[in-house]
Amino acid sequence: MSILITGGAGFIGSHTAVELINCSEKIVIVDNLTNSNMQTIDNIKRITGAEFPFYEYDCCCKKDMTKIFKQNDIESVIHFAGLKAVGESVEQPLKYYENNLQSTLLLCEVMEENDCNRLVFSSSATVYGSPKTVPIKENFPLSATNPYGSTKLMIERILSDICISNPRFSVAALRYFNPIGAHKSAIIGELPNGIPNNLMPYITQVAAGKLKCLNVFGNDYDTHDGTGVRDYIHVVDLAKGHIKALDYAKNHSGYETFNLGTGTGYSVLDIVHAFEKTNKVKIPYKIVDRRPGDIAICYADITKSKKILSWQAELGLEDMCKSSWEFTKKAFNN
Ligand code: NAD
Ligand code: UD1
């Protein structure tokens, strides 16, 4: 019996693949490599010493997805595959709706046809829109402020409807907060194409001298130092959360949502200073205007994940800053 990881060559999928193999699980990866590369698949094998089937297929192709289910005994699926750049989703909404929705619809169809009833889905804290209060609980109102967020909301709805129609189906939708960091081997991590949109990849590229200076988007928010506060979580902790969610899905049917964050918020300047202190590098920065669409504060209430999944993040900000930097240094030297 194997676990199918869609998008397993990506940032979070690759770390989850390593953790699953560490737990002696058999895995199969499918990824069309639109935002990743074959080197990551080889590096998962290098880290774990394990062999596993990899399919360079598009999850939007039913024929190919069916082939994977016919060639492997898939008992559960973790569905990471998706496009995730918020700005690009505003410019090219159709591309996002088509890829993210179509891949999920087809995946669920093929799962039902092959009597596979267990799914862990990569959702996002973006489904909370602009929350009125923090910490954010799973039962807070949901909304979307961009097409990327809409795809996550729609998929959550679709999955919950499938669970109603099929009482044997089990879905854990995991709402990630801000994943950063990298595996301790420093050979898998996050290296975005082009200029990074997200804070940590931008900081590491400034540290590496690829970019001159960090633009801090606003210092007039109602936060302890005026800069935006987020719940940064180490990607290895996040990966472990998927294993707990799979265990949960094995023993329950129906649809359930879980926040995966640390429950602690750090500001942009907290991150800059922690990065400088941990890695002994200077990060030049300047304050610029707020980024449209940004909210002031976002961090998770993790009571539900702690209680029901028996999961909690273990790695702190220092680990996140250190591993992000070790990975980026190595990636740029190669
Ligand atoms: P990523 O881009 O590194 O990984 C996604 C992978 O999916 C890539 O390897 C890409 O090539 C693949 N992919 C995309 N469309 C595909 C398709 N149609 N068929 C096959 N493969 C396809 O992103 P990530 O950061 O690892 O994110 C994984 C998931 O988690 C995504 O669904 C993302 O929306 C969600 N998420 C990410 C974050 C974050 O900050 N990284 C936060 C919240 C939610
Ligand atoms: C962003 C997305 C969110 C997505 C998440 C993970 C937006 C508006 N939101 O979240 O939908 O789920 O990424 O992919 O794009 N910052 C700077 N300078 C930078 C980059 C960021 O000051 O160069 C600040 C931001 O204003 C924010 C914090 O750093 O306060 C974190 O930003 P980021 O890493 O982009 O994550 P989110 O905005 O939380």
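Here the structure is a predicted model, which is why all the values come from computation and not from measurement. When a residue number appears, it is its place in the shown sequence, counting from 1.
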From CA spacing to verdict: salt bridge (Lys or Arg N to Asp or Glu O under 4.0 Å), K184, D319: CA-CA 9 Å; K184 60 178 188 298; D319 281 309; over 6 Å; no
Considering non-hydrogen atoms only, spot the tightest contact between [X] and [Y] and give its length.
X	Y	answer
A173	Y255	CB-OH, 3.5 Å
S14	T40	CB-CG2, 3.6 Å
F52	I27	CB-O, 3.3 Å

Tell me, do [X] and [Y] make a side-chain contact under 4.5 Å, heavy atoms counted?
X	Y	result
N100	S89	no
K62	V110	yes
S267	D225	yes
K212	V206	no
Y232	F177	no
I78	T16	yes
R118	V77	no
C60	S103	yes

Using only atom types and a distance under 3.5 Å, with no angle test, would you say the side chain of [X] pairs donor to acceptor with the backbone of [Y]?
X	Y	result
N72	I74	no
N333	K329	yes
N198	P201	no
N32	T34	yes
N215	Y285	no
N114	C116	no
S123	R175	no
D231	G263	yes

Salt bridge (Lys or Arg N to Asp or Glu O under 4.0 Å) evaluation trace for E276 with K282: CA-CA 6 Å; E276 290 184 328; K282 199 85 198 119; 3.5 Å; yes
Answer yes if the side chains of [X] and [Y] hold a donor-acceptor pair under 3.5 Å, and no otherwise.
X	Y	result
Y299	N259	no
S122	Y176	yes
E318	T278	no

Is it the case that the ring center of H224 lies less than 6.0 angstrom away from the ring center of Y266?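 Between H224 and Y266, which both carry aromatic rings, the centre distance is not below 6.0 Å.
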Anything under 30° is parallel, anything over 60° is perpendicular, the rest tilted; go ahead and classify [X] against [Y].
X	Y	answer
Y128	F140	perpendicular
H242	F80	tilted
Y248	H252	parallel
H15	H183	tilted

Within a 6.0 Å radius of atom [atom1] on [X], are there more than 12 heavy atoms belonging to other residues, nucleotides or ligands?
X	atom1	result
Y97	OH	yes
D222	CG	no
K26	NZ	no
K45	NZ	yes
N251	CG	yes
E113	CD	yes
R290	CZ	yes

Quick check on the hydrophobic clustering: are V235 and I187 connected, directly or via other members, by side-chain heavy-atom contacts under 4.5 Å?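 In one cluster: yes.
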Please answer: with hydrophobic residues joined when any side-chain heavy atoms are less than 4.5 Å apart, are L269 and I283 in the same cluster?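 Yes, one cluster joins them.
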When rounded to the nearest 0.5 angstrom, what distance separates [atom1] in [X] from [atom2] in [Y]?
X	Y	atom1	atom2	answer
S36	L191	OG	CG	12.0 Å
F121	T6	CZ	OG1	9.0 Å
S323	M200	OG	CE	8.0 Å
K152	T104	NZ	OG1	7.5 Å
E112	I162	CD	CD1	6.0 Å
I47	D42	CD1	CG	11.0 Å

Salt-bridge contact D247-K244 (side-chain N to carboxylate O under 4.0 Å):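 No, no charged N to carboxylate O under 4.0 Å.
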Does K304 count as lying over the ring of F258, i.e. NZ or CZ under 6.0 Å from the six-ring centre, within 45 degrees of the axis?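 Yes, K304 lies over the aromatic ring of F258.
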Please determine if K84 forms a cation-pi arrangement with Y148, meaning its NZ or CZ atom is less than 6.0 Å from the six-membered ring centre and no more than 45° off the ring axis.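 Because its charged atom misses either the 6.0 Å distance or the 45° angle limit, K84 does not stack over Y148.
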So if I apply the side-chain contact (heavy atoms from CB on, under 4.5 Å) rule between Q205 and each of L211, I195, L214, which one comes out positive?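 Only one of L211, I195, L214 forms a side-chain contact (heavy atoms from CB on, under 4.5 Å) with Q205, namely L211.
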